[in-house]
Peer 1: 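What follows is a single structure, and I will ask about it in a moment.
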2 protein chains.
Amino acid sequence: MARAVAETHDEILVAAARRFAASGYRGTSLQDIAREVGCSKATVLYHFATKEAILTELMAPAIDVLRDLDERIAAQRGGAAQRVAAEGFVDLAVRFRREIALLRGEFPELLQQPAFAHIQRISERLIDAFAGHSERPAARIAALVLLAGIPEACAEFVDVRDEELRPALLALVRRALEPVD
Amino acid sequence: MARAVAETHDEILVAAARRFAASGYRGTSLQDIAREVGCSKATVLYHFATKEAILTELMAPAIDVLRDLDERIAAQRGGAAQRVAAEGFVDLAVRFRREIALLRGEFPELLQQPAFAHIQRISERLIDAFAGHSERPAARIAALVLLAGIPEACAEFVDVRDEELRPALLALVRRALEPVD
DNA sequence: AGCATGCCTGACCGATCGGTCAGACCCTGA
DNA sequence: TCAGGGTCTGACCGATCGGTCAGGCATGCT
């Protein structure tokens, strides 16, 4: 039953998102995705060259916004950078929390793949901005707790409304981050 | 070259810890562990019934302390519970950060295994204590950010001295948590 | 009608996984 | 000296993984 390409393509994406969220990227096989779509595994690989290609297409919008945030932070200096980073990151985490939930805890390993190498660098710059460009361990520790904890919390509270989640996170960040000298 | 059981047993544990930390539990095969020890895969399975048995033995001390903390929290009420939970959890995360690093991000999936089912319940009670037994979303969000972020930060800063890491985390928690009414 | 194009599939591939098993090897006690 | 038990291993198992491939089948153009 040959249909429009785009249709099946999107169905696979939706199914993959569901499975990744339920069992993680590694824990999901192409067979699982095919079963959810109701097609063969070969069909999945007809629409996507590799399993990884599904993941990267799924994450593409979030990654674009992340890269954009990185540039906006780089354009600031001092306290402004910290504020831009905090608001931008909370915004991004809230907006893309479904995508984040897909990768529950698989970030560390996935980031080691060359396709996501630049994300690693961006996250280092984010820590730097959160820490107010300070080298003090206490500042960097607080930055990391927030940068790791916020996505996790967003993934957990998928059902909370944006208007409730965002201000709660922003208030927390403001309390938690030491103000830049 | 048959040696003392305990010797090989411990070597396997140490090797497994290294590999788990480097590639995660799923990403590490029995073959990998055997190679690191310098023995055969069959030998690994002679000393441990299953791959999961290696993990549970590796995590046993940390889990014992966690269970103990849970009981100590349950014995308190109100603001005292929040303080005990905060100090106890930071202590535990700092002390066992190497064990935590083993599972970088695989917690969500591993916790679904029946062997770790009680951990799930303990972590819910921890969130509750961190949130000061409040049902307000903002309080629970802050609690989750900290509970997820602290282990991650501890795993990242493996080389920072305990005396530096612990007070920094405690100060952060005190700033971040809303005081109980 | 004939043909090309595009969507889809079953069968298959090599690799790797966790786990089993019969037996080789070494040490010890009788 | 020899028997027995603890330690270890190579060979093997069935299952599953991501990925390939030749061909089936509908559609639409000539």
Peer 1: dC17(D) P sits how many Å from Arg35(A) CZ, rounded?
Peer 2: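 Rounded to the whole Å, the gap is 8 Å.
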
Peer 1: According to a strict under-4.0 Å criterion, is Thr8(A) in side-chain N/O contact with OP1 or OP2 of dC8(C)?
Peer 2: yes

Peer 1: Tell me whether the side-chain N/O atoms of Tyr46(A) come closer than 4.0 Å to OP1 or OP2 in dC8(C).
Peer 2: no

Peer 1: Take the protein atom CZ of Phe48(B) and the nucleotide atom P of dT20(C), then report the distance between them rounded to whole Å.
Peer 2: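 Answer to the nearest Å: 16 Å.
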
Peer 1: Is any NZ, NE, NH1 or NH2 atom of the basic residue among Arg161(B) and Glu164(B) found under 4.0 Å from an Asp or Glu carboxylate oxygen of the other?
Peer 2: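 Counted as a salt bridge, because a side-chain N and a carboxylate O are separated by less than 4.0 Å.
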
Peer 1: Indicate, with a heavy-atom threshold strictly under 4.0 Å, whether Ser29(A) touches base, sugar-phosphate, or nothing.
Peer 2: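 If one applies the 4.0 Å heavy-atom cut-off, Ser29(A) turns out to touch the sugar-phosphate alone, with no base involved.
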
Peer 1: Under 4.0 Å between a Lys/Arg side-chain N and an Asp/Glu carboxylate O for Arg125(B) and Asp128(B)?
Peer 2: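 Judged by the 4.0 Å cut-off on N to carboxylate O distance, Arg125(B) and Asp128(B) do not form a salt bridge.
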
Peer 1: Measure from NZ on Lys41(A) to C1' on dC13(C) and round the result to the nearest Å.
Peer 2: 10 Å

Peer 1: Check every atom of dT9(D), dC8(D), dT9(C) against the side chain of Cys39(B) and return the nucleotide holding the closest atom.
Peer 2: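 Selected nucleotide (nearest to the side chain): dT9(D).
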
Peer 1: In whole angstrom, give the distance that lies between atom CG of Leu45(B) and atom P of dG19(C).
Peer 2: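 Taking CG of Leu45(B) and P of dG19(C), I get 6 Å after rounding.
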
Peer 1: What residue pairs, at least two apart or across chains, pass ring pair (Phe, Tyr, Trp, His ring centres under 6.0 Å) with a residue in residues 26-55 of chain B?
Peer 2: His9(B)-Phe48(B)

Peer 1: Round to the nearest Å and state the distance from Leu30(A) atom CG to dA11(C) atom C1'.
Peer 2: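 For the pair Leu30(A) CG and dA11(C) C1', the rounded distance is 17 Å.
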
Peer 1: Would one find a side-chain N or O of His9(B) under 4.0 angstrom from OP1 or OP2 of dT7(D)?
Peer 2: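 So the side chain of His9(B) is outside the cut-off, no N or O lying under 4.0 Å from OP1 or OP2 of dT7(D).
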
Peer 1: Given side chains that start at C-beta, do those of Leu177(B) and Gln82(B) come closer than 4.5 Å, heavy atoms only?
Peer 2: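 SC-SC contact between Leu177(B) and Gln82(B) confirmed.
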
Peer 1: Nearest-Å distance, CD1 (Ile12(B)) to C1' (dT9(D))?
Peer 2: 13 Å

Peer 1: Counting side-chain heavy atoms from CB outward, which of dG19(C), dT9(D), dC17(D) is closest to Gln31(A)?
Peer 2: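 Within the option list, the nearest is dC17(D).
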
Peer 1: Do NZ/NE/NH1/NH2 and the carboxylate oxygens of Asp32(A) and Arg35(A) come within less than 4.0 Å?
Peer 2: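 Salt bridge between Asp32(A) and Arg35(A), a charged N being under 4.0 Å from a carboxylate O: yes.
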
Peer 1: Would you kindly give the NE2-to-P distance between His47(A) and dG6(C), to the nearest whole Å?
Peer 2: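 In whole Å, dG6(C) P lies 13 Å from His47(A) NE2.
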
Peer 1: Expressed as a whole number of angstroms, how long is the span from Lys51(A):NZ to dG18(D):P?
Peer 2: 4 Å

Peer 1: Identify, between Gly27(A) and Ser40(B), the residue whose nearest nucleotide on DNA chain D lies closer to the 5' end.
Peer 2: Ser40(B)

